[in-house]
There are 2 protein chains.
Amino acid sequence: MSNSTTVQSVDRAIAILEILAREGDSRVTDLATELDVHKSTASRLLAALEHGGLVEQSGDRGRYRLGFGVIRLAGAATAQLDLAKESRPICLRLAETVGETVNIAVPRDGDAVNISQVRGPAAISGHNWVGQRTPSHATSSGKVLLAYGALRVLAELERYTPRTITSPDGLGLDEIRERGWASTVEELELGLNAVAAPIRGRDGSVVAAVSASGPSYRLTPQRLPEVAARLVEAAREISQRLGYYR
Amino acid sequence: MSNSTTVQSVDRAIAILEILAREGDSRVTDLATELDVHKSTASRLLAALEHGGLVEQSGDRGRYRLGFGVIRLAGAATAQLDLAKESRPICLRLAETVGETVNIAVPRDGDAVNISQVRGPAAISGHNWVGQRTPSHATSSGKVLLAYGALRVLAELERYTPRTITSPDGLGLDEIRERGWASTVEELELGLNAVAAPIRGRDGSVVAAVSASGPSYRLTPQRLPEVAARLVEAAREISQRLGYYR
DNA sequence: GGACCTCTTTCCGCTCTGTGGAAAATGAGT
DNA sequence: ACTCATTTTCCACAGAGCGGAAAGAGGTCC
């Protein structure tokens, strides 16, 4: 990744943000001087940044400072960095203990999206799920997110295997909440089983799910409760690291 | 300020930040689709944002998320918004009480820079100081920032009037710290007097000064201690609002 | 209130920067 | 090792961004 594949006006806009962070309130002319660009260029870049909420005018016309949009972005960044960072060591340990692939999934636009993965030690292990959207009703993470209200149940549930549950009532969301974990037995793919538990954010709402998945010859239905207990404990620990105390 | 005076590539870069805030981890192709631009355009915009620290790659090549630079900018934005917002009502009241122009000044590159102002009710009042850099040794705010270590004393101090103090030892910084306020008597301009007190941030360090200034026929040397007492009280109140408890 | 000054914003012609298409590079899966 | 999908880099070209100038806006002074 070299400097030749960048965008000069974006570089300049970012430089404006840096100057405002360092200097506070600044005028168009001062920013133009410091950037070594024409005043109208500085004014136009500031207009774009203001339109995006990253800078705002501080009362007097022509005086600019960083805007609230920056704080909003940082809030999202902090939350995302926290979940990835805090879950990593726990997932590494869990994959060793359970012997299967461990994933973290978050709710996104009606699907469960896997944001990280640690493979188990077995020679035969499943897909790379990172970044993949998975249907909520046919995955254990998805069912957790549905059961705790982080995702909405659709009226029509698509079939992936003969064992996919296609009726909303058949998902057993009440039982999942009561039990504290969800599982799937060859509902997404033949030969693939999984089990998941809910991760809570600071305010107690379920923000993600931690799951273990593996081939059905290894992760048998008989084994699911034992693995679930470990996932529930891991989810509790991750939740605490995110600031949830109960 | 219309949409016609913006910069398309900056708009696109900001849109990428918004998508990452909403979606979390995203791939180049997904961002390109959502932005309705070519993949190479998305890749190049991300490269610029990554170079500026606002996004980072989340382990896997081609997967991007918001970066730490966003959190850093937000930290600066929060600090700046707090000082302006919290000091405003207090300065409004103070200008009425004291009857003179009230300013807040912060240390910037060796000078005291005025970031806000409330004019007193008098018909004759001074300059608009907002945004103006003032020499630290010849202004009351500057002397406060020097006395409490927020600014450094220069070896050579420029003369503005016959009354300007041009020797570093003559500034009386020890006395200012002991007294808790600083003043100037026609040291920056003939006929202009001022007095200032220190504002502390959350960690107790002096981050700004609140001052009152006016014509020397009104703000006489005899009146300075009384006005100073009100400024010290106002500074204490602003400091508390910024999170300083002592 | 008018004149003057300084700064910001908007307009416009021009050129150079950003774009999209294609090729090269890269990484995952079998 | 091969295949495939995705990302990154390269390059020609045109249109987006630039700087200069004019218009707009606000403050100061008389």
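If you're wondering where the values come from, they're calculated on a predicted model, not measured in any experiment.
- No hydrogens or angles considered: a donor-acceptor pair under 3.5 Å links the side chains of A:D11 and A:T6.
- Residue A:L31 contributes atom CG, which lies 15 Å from atom C1' of C:dT9 at whole-angstrom precision.
- What separates CG of A:L35 from P of D:dG17 is a distance of 16 Å, to the nearest Å.
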| task | Between protein and nucleotides 17-24 of chain C, map the contacts as a letter string: B base, S sugar-phosphate only, - none, heavy atoms under 4.0 Å, written 5' to 3'. | result | SSBBB---
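- Atoms NE2 (B:H51) and P (D:dT9) sit 13 Å apart, rounded to a whole Å.
- Taking only side-chain nitrogens and oxygens, B:Y64 never comes nearer than 4.0 Å to OP1 or OP2 of D:dT6.
- Atom pair A:E50:CD and C:dT9:C1' shows a separation of 12 Å (rounding to whole Å applied).
- Near DNA chain C, defined here as any heavy-atom distance below 4.0 Å, there are no residues from residues 13-21 of chain A.
- Scanning both residues, A:A235 and A:V210, for their nearest heavy atoms gives CB-CG1, 3.8 Å.
- The distance between atom CG of B:D11 and atom P of D:dG15, rounded to the nearest whole Å, is 19 Å.
- Checked by atom type and distance alone, the side chain of A:H51 never pairs as donor or acceptor with a backbone atom of A:L46 at under 3.5 Å.
- Between the P atom of C:dT9 and the CG atom of A:L46 lies a distance of 8 Å, rounded to the nearest Å.
- With hydrogens and angles disregarded, no donor-acceptor distance shorter than 3.5 Å links the side chain of A:K143 to the backbone of A:A138.
- By the side chain to side chain contact (heavy atoms under 4.5 Å, CB included) test, A:I90 is found to be paired with A:R93, A:A234, A:E237, A:I238, A:R241, residues two or more places apart in sequence or in another chain being considered.
- Residue B:Q57 places at least one side-chain N or O under 4.0 Å from the OP1 or OP2 atom of D:dT8.
- Side-chain contact check for A:N103 and A:S211: no donor-acceptor pair (N or O, by modelled atom type) lies under 3.5 Å.
- For B:T134 (side chain) and B:A112 (main-chain N/O), a donor-acceptor pair under 3.5 Å exists by modelled atom type.
- In this model, the phosphate group of C:dT10 is approached by a side-chain N or O of B:T5 to a distance below 4.0 Å at OP1 or OP2.
- Side-chain atoms of B:S9 and A:S9 form a donor-acceptor pair, as typed in the model, at a separation below 3.5 Å.
- Taking the side chain as every heavy atom from C-beta outward, A:L54 and A:L66 never approach each other to under 4.5 Å.
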